[in-house]
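Naming: A, B, ... by sequence-line order, numbering from 1 per chain.
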Number of protein chains: 2
Amino acid sequence: MENDLFGICPFVTTQKILTGKWTLLIMHCLSERTLRFNELQRTLPSLTSTTLTKQLRMLEDHGLIIRTVYNQIPPRVEYSLSDLGKNFKPVLDELEIWGNQYIEFLKNKNQISDQTNDDTNKNEMTSF
Amino acid sequence: MENDLFGICPFVTTQKILTGKWTLLIMHCLSERTLRFNELQRTLPSLTSTTLTKQLRMLEDHGLIIRTVYNQIPPRVEYSLSDLGKNFKPVLDELEIWGNQYIEFLKNKNQISDQTNDDTNKNEMTSF
DNA sequence: CTGCATCCCGCTCGATACTG
DNA sequence: CAGTATCGAGCGGGATGCAG
């Protein structure tokens, strides 16, 4: 296999699962409650159905979420966490705590750099 | 901005930080002790210096690790976690727990689908 | 409403070769 | 020992358009 440590090292394995720009956010949303496709879409701004579908399929293939289809008109599809997905909750909690810490860190950093560097120049080279 | 929620949503922000195929593993290694460049390289199999350097630079730029250079011949560079990086430890711990759960899940899945195939490669590795 | 098919762009990974 | 320079392949994200 291309990824020698997948299925062996817990960190490499998890990292592989978490590839996908929106996986954490999706997992967080579904950890609160079951959601329909367009509920997810409304919750996650700037995320097209194409991308959302792909990410959901990936998580489903990996066994983290469950896709339930109701045969109705109009269609109704619900996404919820599997047991494996529910066990992921502690990770999400710690991730959220640390993420907020990091955001605070960023704010301080920007305050410092904004004092010295007020002119974020964007001059396009007009000629020469 | 290309990433509207970076610096706002803790999950999106963290996900962005964690891009990089080896970030979690590197963070785990450094969470145990300070390491030199080639120690990391020896610890992490199949990882060229090019890639390792890039990932380390990324983590350094994001403020998670600290790079200390000793002016010596031969050169000596040590990598350690910053305070921000040390605060990441709880995430790593939960990640490791869940990752091992997931590995167990994979084994069961493979047992079902690989009833005819007996894989001889079943070494237990806690990490790397 | 919940997708799939297609195409394109950018970016990351990694191989290889070279350096102080 | 600890990198840098360069280059290429591959893959994921997203825009667009269509479908049941």
Side-chain angles (χ1 to χ4, degrees), chain A residues 1-6 9 11-12 15-27 29-30 34-62 64-80, chain B residues 1-6 9 11-13 15-27 29-30 34-62 65-80:
Chain A
M1 297 297 266
E2 75 289 342
N3 219 331
D4 33 351
L5 293 176
F6 182 79
C9 167
F11 298 105
V12 173
Q15 186 116 47
K16 182 85 175 184
I17 303 293
L18 296 185
T19 56
K21 199 172 169 181
W22 304 98
T23 43
L24 290 179
L25 200 43
I26 292 173
M27 289 298 289
C29 292
L30 293 181
T34 297
L35 289 169
R36 297 179 57 173
F37 186 84
N38 72 336
E39 286 178 320
L40 272 168
Q41 217 174 357
R42 262 181 276 122
T43 307
L44 308 172
S46 65
L47 182 48
T48 61
S49 66
T50 312
T51 304
L52 181 55
T53 300
K54 281 183 200 167
Q55 308 260 318
L56 287 170
R57 286 285 178 280
M58 217 184 63
L59 289 170
E60 189 194 359
D61 292 343
H62 287 145
L64 299 193
I65 66 176
I66 295 174
R67 182 168 170 264
T68 311
V69 181
Y70 299 88
N71 280 330
Q72 299 180 356
I73 302 290
R76 173 190 181 89
V77 180
E78 285 186 350
Y79 293 92
S80 58
Chain B
M1 296 284 212
E2 76 290 342
N3 220 331
D4 34 350
L5 294 177
F6 181 79
C9 167
F11 298 106
V12 173
T13 305
Q15 185 114 52
K16 183 83 176 186
I17 303 293
L18 297 185
T19 54
K21 200 171 170 182
W22 305 96
T23 45
L24 290 179
L25 200 43
I26 291 172
M27 290 297 290
C29 291
L30 293 181
T34 297
L35 288 169
R36 297 179 58 172
F37 185 84
N38 73 335
E39 286 178 320
L40 272 167
Q41 217 175 356
R42 262 182 276 120
T43 308
L44 308 171
S46 64
L47 181 48
T48 61
S49 65
T50 313
T51 304
L52 180 56
T53 301
K54 283 183 199 164
Q55 308 259 318
L56 287 171
R57 288 284 179 280
M58 215 185 64
L59 289 171
E60 188 193 0
D61 292 342
H62 286 146
I65 66 177
I66 294 174
R67 181 167 170 267
T68 309
V69 181
Y70 300 86
N71 278 331
Q72 297 180 356
I73 303 291
R76 172 190 181 89
V77 179
E78 287 186 349
Y79 294 91
S80 57

Student: In this structure, how many angstroms lie between the P atom of D:dG12 and the CG atom of A:Leu47, rounded?
Tutor: 16 Å

Student: Strictly under 4.0 angstrom, non-hydrogen atoms only: write out the protein contact profile of nucleotides 15-20 of chain D, one letter per nucleotide from the 5' end, B, S or -.
Tutor: BB---B

Student: Less than 4.0 angstrom between a side-chain N/O of A:Trp22 and OP1 or OP2 of D:dG12, yes or no?
Tutor: no

Student: Output the distance between atom CG (B:Leu44) and atom CD (B:Gln41), rounded to the nearest 0.5 Å.
Tutor: 9.0 Å

Student: On a heavy-atom basis, which atom in B:Tyr79 and which in B:Ile65 lie closest, and how many Å separate them?
Tutor: CD2-CD1, 4.1 Å

Student: What is the distance from CD of B:Gln15 to P of D:dG12, rounded to the nearest Å?
Tutor: 14 Å

Student: With sequence neighbours left out, write down each residue that passes salt bridge (charged side-chain N to carboxylate O under 4.0 Å, His left out) with A:Arg67, or none if nothing qualifies.
Tutor: none

Student: When all nucleic acid strands are considered with a 4.0 Å heavy-atom cut-off, which category describes A:Tyr70: base, sugar-phosphate, or nothing?
Tutor: nothing

Student: Quick one: does B:Gln15's side chain get under 4.5 Å of A:Leu25's, heavy atoms only?
Tutor: no

Student: Can you pull out how bent the helix from C:dC1-D:dG20 to C:dG20-D:dC1 is, comparing the axes over its first five and last five pairs, to 10°?
Tutor: 50°

Student: Between A:Ser46 and B:Thr53, just flag the one whose closest nucleotide in DNA chain D comes earlier from the 5' side.
Tutor: B:Thr53

Student: Could you say whether B:Phe37 or A:Thr19 is positioned toward the 5' end of DNA chain D, judged by the nucleotide with the nearest heavy atom to each?
Tutor: B:Phe37

Student: Between which nucleotides of DNA chain C, 5' to 3', does chain B make heavy-atom contacts below 4.0 Å?
Tutor: C:dC13 to C:dG20

Student: Rounded to whole Å, how long is the line connecting atom CG of A:Leu52 with atom C1' of D:dG14?
Tutor: 12 Å

Student: Please identify which of these residues, B:Glu78, B:Arg36, B:Arg76, meets the side-chain hydrogen bond (donor to acceptor under 3.5 Å, both in side chains) condition with B:Tyr70.
Tutor: B:Glu78

Student: Side-chain polar contacts of residues 50-61 of chain A - donor-acceptor pairs under 3.5 angstrom, sequence neighbours left out - could you list them?
Tutor:
from	atom 1	to	atom 2	distance (Å)
A:Thr51	OG1	A:Thr48	OG1	3.3
A:Thr53	OG1	A:Ser49	O	2.6
A:Gln55	OE1	A:Trp22	N	3.2

Student: Ignoring hydrogens, what is the shortest heavy-atom contact between A:Leu18 and A:Thr23? Give both atom names and the distance.
Tutor: O-OG1, 3.1 Å

Student: OP1 or OP2 of D:dG13 sitting under 4.0 Å from any side-chain N/O of A:Gln55?
Tutor: yes

Student: Considering every strand and a 4.0 Å limit on heavy-atom distances, what is the contact class for A:Gln41: base, sugar-phosphate, or nothing?
Tutor: nothing

Student: How would you list, by chain and number, every residue that makes a side-chain contact (heavy atoms from CB on, under 4.5 Å) with A:Ile17, sequence neighbours excluded?
Tutor: A:Phe6, A:His62, A:Leu64, B:Trp98, B:Tyr102

Student: Reckon B:Glu39 touches a base, only the sugar-phosphate, or nothing at all at heavy-atom distances under 4.0 Å?
Tutor: nothing

